[in-house]
Every structure is written in structure tokens, then in C-alpha cells.
Amino acid sequence: MKTIILTVFTILFAVSLVSAQEFRGKLNIKGVSQSSSIKYSEPVKLFKDFKDNKYQIVFTLDAKSDQIVLFDMVTTVSVNGKVISKSSRENWPWLPGDMYVPAEAFDFIPALQSQSKLNRDGRYEFPGDMFDITLEMVPSGGAAGRIEPIRFSVSR
């Protein structure tokens, strides 16, 4: 009898933990419309505009409880349909609500910097290519839900 009660209690506890990690959410960038292109000559200027809040990455998380939900922050940068950089920063904790996500949570600035060329003035500039950037927040740690990725392009 004790075994049955313990088993039932364990199952109920496990189910409550799993259901507590169900969520809905949305990721967007204020100042950049979905699938749009922004123009920059230098990666450092793009980074500065994110730091100065010209562009803000905003994440809205709706969860059934106030528990932390873990996400992998996945960045993909492509040129002409070819992936030139894909990276993931694992297990970032987020609480329910509206939050600003720092540009550093994703790796698009270092990926763009690595493709830049040094000019005569000692500045790194983008080549003439258009860079397609996809930012994703992929649930980890057993959380159940999906966040639509956001996409934008950077060109010279």
C-alpha cells in the first residue's frame, strides 16, 4: 500500500513539474520589422545602436507559473543562402513577463565582425553582401512550447 501511494505521489509530482514548464512566448526587435533589411557600413555601429536602444530585442514569456524557463539562444547568419555562422548559447534562464534581451545574448555581432574588412581608416566595414540573421530561443531543460524565430537582414 505504501508503495502504491508513493508511486502515485511521485507521478503527480512529476506531472506538476512538467506542466509548470509549459509556455507561450514571442520574440521581436523594436525598430526592425520582421524580415526587413537595415543598412550599416560597420558592425560596431550596429552594435552601438543596439546598446543605445535604437533597436531592442524584446522577449515576452507567458508561463503557467513563475518558474524559470531555460532557453538556448541560437544565432544563424547567412550570405546568399549559405550559412556562414551558427552558434548556440545554452541554458539561459528567463522568468515570465516582458524582458529586454541584450544583443550579446546572441552571436550575430561577432559573426558580422568576422566577415568585415579593415579599411584605410582602420575601421572594419561590411563587404557589399547582404547578411541574413535568424535569432531563435529554443526551449531546453524539458520546457514545452515554441518561440517563433525572428529574421532580419543587414546590408551596406
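Side-chain atoms are counted along with the backbone in the values below, which use heavy atoms only and exclude waters and symmetry mates. Positions are given from 1 along the sequence.
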### Task
State whether the side chain of Asp62 and the backbone N or O of Gly25 hold a donor-acceptor pair below 3.5 Å, judged by distance alone.
no
### Approximate separation, where rounding is to 0.5 Å, of Thr76 OG1 and Asp132 CG
11.0 Å
### Message
Could you tell me if the side chain of Met137 sits less than 4.5 Å from the side chain of Trp94, heavy atoms only?
### Response
yes
### Query
Looking only at atom types and distance, does a side-chain atom of Asn80 sit under 3.5 Å from a main-chain N or O of Lys82, one as donor and one as acceptor?
no
### Task
Show the numbers, then the answer: is there a side-chain contact (heavy atoms from CB on, under 4.5 Å) between Phe47 and Leu112?
CA-CA 10 Å; Phe47 180 62; Leu112 295 173; over 6 Å; no
#### Entry: Transitive ILVMFWY side-chain link Val138 to Leu27, under 4.5 Å
no
#### Entry: Phe23/Phe71 under ring-ring contact (aromatic ring centres under 6.0 Å, His included): CA gap, chis, key distance, verdict
CA-CA 12 Å; Phe23 68 88; Phe71 288 91; 5.2 Å; yes
### Task
Would you name the heavy atoms of Ile57 and Pro102 that are closest together and state the gap between them?
CD1-O, 4.5 Å
#### Entry: Spacing of Ile29 atom CD1 and Lys54 atom NZ [to the nearest 0.5 Å]
13.0 Å
### Query
What do you reckon, are the aromatic ring centroids of Phe50 and Phe108 less than 6.0 Å apart?
yes
### Task
For residues Ser116 and Glu125, determine if any side-chain heavy atom of one lies less than 4.5 Å from a side-chain heavy atom of the other.
no
### Message
Counting only heavy atoms not in Tyr124 (residues, nucleotides, ligands), do more than 12 fall under 6.0 Å from its OH?
### Response
no
### Taking every non-hydrogen atom, the tightest pair across Phe126 and Glu42
CE1-C, 3.7 Å
### Query
After noting the C-alpha distance and the side-chain angles of Val79 and Gln115, does the key distance pass the side-chain contact (heavy atoms from CB on, under 4.5 Å) rule?
CA-CA 10 Å; Val79 174; Gln115 297 297 308; 5.6 Å; no
### Query
Tell me, do Ile147 and Phe59 make a side-chain contact under 4.5 Å, heavy atoms counted?
yes
### Message
Do Val77 and Val83 make a side-chain contact, defined as non-hydrogen atoms from C-beta onward lying under 4.5 Å apart?
### Response
no
### Message
Before you tell me yes or no, could you show the steps for Lys86 and Val74 under side-chain contact (heavy atoms from CB on, under 4.5 Å), namely the whole-Å CA-CA distance, both residues' side-chain angles and the distance that decides it to 0.1 Å?
### Response
CA-CA 7 Å; Lys86 184 161 184 150; Val74 180; 3.9 Å; yes
### Query
Nearest heavy-atom pair of Asp72 and Ser88: which atoms, and what distance?
CB-OG, 3.7 Å
### Task
Look at Arg146 together with Glu136 and state whether they make a salt bridge at an N to O cut-off of under 4.0 Å.
no
### Task
Answer yes or no: is there a side-chain heavy-atom contact under 4.5 Å between Glu90 and Ser140?
no
### Task
Specify the closest pair of heavy atoms between Leu95 and Asp66, including all atoms of both residues, with the distance to one decimal.
CD2-O, 3.5 Å
### Query
At their closest point, which heavy atom of Gly81 faces which heavy atom of Ser78, and how far apart are they?
C-CB, 4.5 Å
### Query
Is Leu135 reachable from Tyr40 through a run of hydrophobic residues whose side-chain heavy atoms are each under 4.5 Å from the next?
yes
### Query
Between Asn53 and Tyr100, do the side chains contain an N or O donor and an N or O acceptor separated by less than 3.5 Å?
no
### Task
Kindly indicate whether the side chain of Ile38, heavy atoms from C-beta on, has any atom under 4.5 Å from the side chain of Tyr55.
yes
#### Entry: Closest non-hydrogen atom pair between Gly145 and Pro139, with its separation
O-CG, 3.3 Å
### Query
Any donor and acceptor pair, going by atom type alone, linking the side chain of Arg123 with main-chain N or O of Ser41 inside 3.5 Å?
no
### Residue Arg24 excluded, over 12 heavy atoms near CZ under 6.0 Å
no
### Query
Any sub-3.5 Å donor-acceptor pair from Arg89's side-chain atoms to Met73's backbone N or O?
no
#### Entry: Exceeds 12 heavy-atom contacts within 6.0 angstrom, atom CG of Asp52
yes
### Query
Is the closest side-chain heavy-atom distance between Ile133 and Phe106 below 4.5 Å?
no
### Query
Can you find a heavy atom in the side chain of Val32 that is under 4.5 Å from one in the side chain of Ile150?
no
